[in-house]
Protein chains: 2
Amino acid sequence: MSGAAEAIKPEVMKQLFHPEIEDVLPADVFAALGDPIRLGILVSLADCDEIDKARCGAFTELASPSLLSYHFAKLREAGITRSRAEGTVRFLSIRREEFDRRFPGLLDTVIETARRDPSVPRAKLDV
Amino acid sequence: MSGAAEAIKPEVMKQLFHPEIEDVLPADVFAALGDPIRLGILVSLADCDEIDKARCGAFTELASPSLLSYHFAKLREAGITRSRAEGTVRFLSIRREEFDRRFPGLLDTVIETARRDPSVPRAKLDV
DNA sequence: CGACTATTTCAATGATCGTTGAATCATGGG
DNA sequence: CCCATGATTCAACGATCATTGAAATAGTCG
C-alpha cells in the first residue's frame, strides 16, 4: 500500500480522531460517562494536574491495556479527552477550556460527583 | 381544580420498582442520561412544574407509547424519576430532593446542559 | 539492524441497547 | 358486565457494548 505517506515526519505518530467540540452532543457525552472505568479514568486525570504523569500506561490499575485503549477512545470520541503522542508514549488530558465553553459547568459537577463516590475506581498517577 | 382524586384511594395499581437513592451509582445515572429521548423527557419534566401535567401520555411527541415506557423505566431505575399511578393514569416526576442529596448539583447542571442543546427534543406538557 | 516497549487494532464472545408492533393488564364508565 | 383508555410487557430484530487475548504498529535504544 504505497501512497502519500512518503514525507513522514519522524516524530508524528498516527493521529487519533478528535471531534470538533461543537459537534459533540450531550447524549453522547453522558453515554461516554456511563461506565465506571471511564469515570475512573476521568477523575484520575482530574486529580493529577501534572501533564506528564497522565500517560496511558499509568492507568493499568483500572483495566488491561487493550481495554483501556477502548475506553480512551470512547472518552476521546465524546470530546472529553485529548490524546497526544510523544515519542513512544501517549499522554491523556481533559479538553478543559473547549469542553467548558461547550457545556459550562458540566465537567466540574461530573468530576465532583464521580470523585465522591466509592464505586468509581482510581489510578495513582503519581510517579 | 387539581387534586380531585386526593381523598379517594380506590386501589393500588401494580407498583413499579424504584431503587433506594443510596444504591444508585453515578455510572448508572450517566448511562440513563445517555440517550436524547431520555434527556428530552427530563427537560420536559423540569420545564413543567405543574405536577398533574406530567402524565405519561403527555410525552407522545417524543416516541411511541411502548418506547416511552421503556425509557421511563430506564430513568426510574436510575433513581432519576418517580412514577406514581393515579387511577388509569400514571404521572412522572423528578426525584428532586433525594437525588440532589445523593448527587448535589448534578441534576441542575445536567438539565441546564440538555435544555441549552437543540439536539434534545421537547414535549409540550401544557394541557 | 533487531530486540524492546508502549499502545492500538482486530476478531470473537455474550450482554445489553433502542426500536417496533402485537398482546396484555389495570381502571373507569356506559 | 363489557368496552374503551392509558400504560406496561413481550417477542423479536439488528446495533452497539464491554471484555478478552492475540496480532499489528510506532518509536527508542543497544
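Note on naming: letters A, B, ... go to the chains in the order of the sequence lines (proteins, then strands), and numbering restarts at 1 for each one.
The distance from atom CZ of B/Arg90 to atom P of D/dT9 is 7 Å, rounded to the nearest whole Å. Atom-to-atom, CZ of A/Arg76 to P of C/dT7 comes out at 14 Å; the value is rounded to the nearest Å. In this structure, B/Leu33 places its CG atom 16 Å from C1' of C/dC17, rounding to the nearest Å. If you measure from atom CG of B/Asp28 to atom P of C/dC17, you get 10 Å, rounded to the nearest angstrom. The nearest whole Å value for the distance from the CG atom in A/Leu92 to the P atom in C/dT7 is 9 Å. In this structure, CD of B/Gln15 is placed 13 Å from P of D/dT8, rounded to the nearest angstrom. We find that CZ of A/Arg55 is positioned 11 Å from C1' of C/dT5, with the value rounded to whole Å. In this structure, B/Leu16 atom CG and D/dT8 atom P are separated by 7 Å, rounded to whole Å.
For A/Glu77 (side chain) and A/His18 (main-chain N/O), no donor-acceptor pair under 3.5 Å exists by modelled atom type.
Using a 4.5 Å heavy-atom cutoff, the side chains of A/Arg55 and A/Arg90 are not in contact. Side-chain contact between A/Arg96 and A/Leu107: present, with at least one pair of heavy atoms (C-beta onward) separated by less than 4.5 Å.
Cluster membership check: A/Leu25 does not share its hydrophobic cluster with A/Leu33, using side-chain heavy-atom separations under 4.5 Å among Ile, Leu, Val, Met, Phe, Trp and Tyr.
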Within the 4.0 Å limit for protein heavy atoms, which parts of nucleotides 11-20 of chain D are touched? Write it as a string from 5' to 3', B for base, S for sugar-phosphate only, - for none. ------SBBB

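Residue B/Thr88 places no side-chain N or O under 4.0 Å from the OP1 or OP2 atom of D/dG6.
Note on ring orientation: taking the six-membered ring where Trp is involved, the planes of A/Phe30 and B/Phe30 are parallel (angle under 30°, cut-offs 30° and 60°).
Contact check on A/Arg102 versus A/Glu22 returns no salt bridge, with no Lys/Arg side-chain nitrogen under 4.0 Å from an Asp/Glu carboxylate oxygen.
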